[in-house]
Amino acid sequence: MANRIVVDPVTRIEGHLRIEADLKDGVISKAYSSGTSIRGLELIVRDRDPRDVWAFVQRICGVCTSTHALASIRSVEDALDIKVPKNASLIRNIMNEAIHIHDHVVHFYHLHAFDWVDVLDALNADPNETSKLAQSISDWPKSSPGYFADVQSKVKKVVDSGQLGIFANGYWGHPEYKLPPEVNLLAVAHYLEALDWQKEVVKIHTIFGGKNPHPHYVVGGMATPLDINSDNGIHAERLMHVSQIIDEAREFVKKVYVPDLLAIGSFYKEWLHGGGLNNYLVYGDFPTGDIRDVDTYRIPRGIILDGKLDKIYQVDPKDSEQIKEFIDHSWYTYEGKETGGKHPWGGETTLNYTGPKPPYDQLNVEEKYSWLKSPRWKEKPMETGPLARIMVGYASGREDYVQLVDDALKKLNIPLEALQSALGRTVARGLESILISDWMRDDMDQLLENIKNGDQTTFDRSKWEPDTWPKEAKGVGWLEAPRGSLGHWIEIENQKVKNYQAVVPTTWNASPIDHNGNQGAYEASLQNTPIADPNKPLEILRIVHSFDPCLACAVHLTDLETKELTEIKLG
């Protein structure tokens with residue numbers, strides 16, 4: 001007889017996620033993913049000026065804020081056929097690259113590491129041995145025995161106080177922790193370093209976008225006043241500051257993050273659960289030319305099915321027969337109907353929830369059980385994110401991808417197929433960080449060269465005024481966010497937003513069962529995973545966290561005091 005494990009809320013994520021798993025003979029036989037709050041931003045932006053929408057939808061999330069702004073800006077520019085200046089494209093790239101690096105490092109150390117690292121076991125480490133280990137994998141300067149002894153002393157004071165603070169509520173001592181104490185100490189030390197590092201890299205957004213979170217964008221380019229001779233603009237000193245931050249970010253990624261990742265991964269290479277669908281979706285991003293020229297993308301576009309790398313299928317976000325969202329198990333309705341799929345251009349955000357309000361004992365998975373819809377590509381469930389991008393890049397034969405992946409596989413002594421797992425998903429995020437940090441350096445060098453040659457243009461206002469627009473227009477803005485492929489679809493009529501839909505990476509990954517009975521990526525990845533202790537389901541957290549969930553992007557708005565769902569009234 002199956003027993004039901006309920007994890008609600010899943011912590012160390014953005015937003016509210018509930019996971020239920022049926023356990024049979026110590027193994028998950030079936031899992032269910034539920035977003036437990038509602039997003040209504042699509043309703044809020046209707047009838048507004050399309051040029052203002054980015055500022056609203058950026059508030060979908062407080063973590064990946066700039067990605068929603070950029071996707072929205074791109075959707076409007078696509079609808080109105082606006083081509084932005086080269087400098088604006090470079091600045092947008094740099095800002096998106098910065099958020100990727102920031103997000104990946106923070107995810108590894110502060111959201112996901114404790115699924116692999118036993119903090120309390122670091123107290124049993126020999127700092128001399130940790131120092132030897134650190135110096136064997138990197139020439140990062142903070143690696144002396146005294147440094148690690150100081151970190152160990154800080155952790156001991158926290159533990160002795162009886163109040164674990166940021167280290168509270170972990171499954172410390174769980175049998176699935178495999179690291180020696182010295183590796184645990186190394187990871188804890190760099191966890192603390194990453195806290196200081198992460199607040200520096202986001203200053204790139206503050207300089208180019210005015211602030212962080214929620215930096216500024218503008219339809220037609222960037223509101224970034226490049227002027228190397230003006231104290232009121234982005235002058236030479238500020239540009240050099242950005243350049244320095246980029247170099248420091250690259251160094252941290254290559255000398256701390258990735259060496260730690262591979263060192264920790266080497267102890268878990270036998271734990272290859274969490275693969276799931278093996279269907280991968282990538283829109284592509286980081287153009288070296290115009291955004292509409294997919295061939296210039298550093299992250300190539302494509303679809304992989306069933307983990308087979310010998311064929312890449314093409315994905316077109318504008319094709320109404322490719323991408324559709326289904327609501328058979330979602331608390332929505334389409335034109336009064338409870339089932340069916342819609343392409344985002346014709347999509348709806350119409351609420352239809354009459355079931356029990358949280359808290360509840362178990363989801364009624366035979367009916368509707370999530371505030372997430374079920375996006376599908378040609379009716380197939382897909383995984384999106386760093387692993388998808390690495391797999392498509394590798395299958396495309398891109399030299400930089402192939403070299404990085406092959407080198408990592410050799411160091412870990414695992415086959416390529418092993419990447420299709422929770423561990424592989426985590427490794428892919430680190431490998432991608434190397435690529436993106438190098439692209440960020442290249443884009444900054446190009447920007448500096450353009451400015452040196454006298455080009456300081458960041459904005460084209462030729463189609464800024466609404467009287468230049470067609471009466472009706474529609475567009476889609478896509479990009480690769482840290483968690484995967486993001487799309488914003490817009491319809492414009494009489495200079496106002498007629499309809500708006502955002503399909504975010506976590507909606508793809510955390511979606512409920514669809515009309516064909518197909519599970520989303522979270523649900524599929526949990527299936528057949530052994531659970532050592534049902535009262536401490538570390539394995540569930542390990543797999544779900546490997547996707548870096550962002551439920552705030554996939555859903556939105558709830559009352560934490562009453563636990564009642566928010567009612568959105570229009571007009």
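Side-chain atoms are counted along with the backbone in the values below, which use heavy atoms only and exclude waters and symmetry mates.
Scored by the side chain to side chain donor-acceptor pair (under 3.5 Å) test, Trp54 finds no partners at all (sequence neighbours excluded). In this view, Phe252 and Trp140, Trp197 satisfy the ring pair (Phe, Tyr, Trp, His ring centres under 6.0 Å) rule, not counting sequence neighbours. Evaluation of the ring pair (Phe, Tyr, Trp, His ring centres under 6.0 Å) rule for His110 yields Tyr191 as partners, not counting sequence neighbours. Applying the side chain to side chain donor-acceptor pair (under 3.5 Å) criterion to Asp460, with sequence neighbours excluded, gives Ser462. For His104, the ring pair (Phe, Tyr, Trp, His ring centres under 6.0 Å) test picks out His100, with sequence neighbours left out. Residues satisfying the side chain to side chain donor-acceptor pair (under 3.5 Å) test with Asp81, not counting sequence neighbours, are Arg292. Residues forming a side chain to side chain donor-acceptor pair (under 3.5 Å) with Gln314 (at least two apart in sequence, or on another chain): none.
Within the structure, the salt bridge (charged side-chain N to carboxylate O under 4.0 Å, His left out) test picks out no pair touching residues 215-232 (sequence neighbours left out). The side chain to side chain donor-acceptor pair (under 3.5 Å) contacts involving residues 233-245 comprise Ser243-Arg441, Gln244-Glu248, where partners must be two or more places apart or lie in separate chains. For residues 427-454, the set of pairs meeting the ring-ring contact (aromatic ring centres under 6.0 Å, His included) definition, not counting sequence neighbours, comprises Phe286-Trp439. Applying the salt bridge (charged side-chain N to carboxylate O under 4.0 Å, His left out) definition to pairs two or more places apart or across chains, those involving residues 423-438 are Arg250-Asp438, Lys254-Asp438, Glu383-Arg425, Arg389-Glu432.
Tyr500 and Ser72 share a side-chain donor-acceptor pair at under 3.5 Å.
In summary, Asp78 and Arg74 do not engage in a salt bridge, as defined by a charged side-chain N under 4.0 Å from a carboxylate O. Note on Asp400 versus Arg298: no salt bridge recorded, every NZ/NE/NH1/NH2 to OD/OE distance being 4.0 Å or above. A salt bridge links Arg461 to Glu465: at least one charged side-chain nitrogen sits closer than 4.0 Å to a carboxylate oxygen.
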Which atom pairs, donor and acceptor, lie under 3.5 Å between side-chain atoms of residues 203-219 and protein residues at least two apart or in another chain?
unit_1	atom_1	unit_2	atom_2	d
Lys203	NZ	Glu200	OE1	2.9
Lys203	NZ	Glu200	OE2	3.3
His205	ND1	Asn212	ND2	3.2
His205	NE2	Met95	O	2.7
Lys211	NZ	His214	O	2.9

| said: Is there a side-chain hydrogen bond (donor to acceptor under 3.5 Å, both in side chains) between Gln198 and His102? Walk through the geometry before answering. | reply: CA-CA 6 Å; Gln198 59 86 26; His102 176 270; 3.0 Å; yes
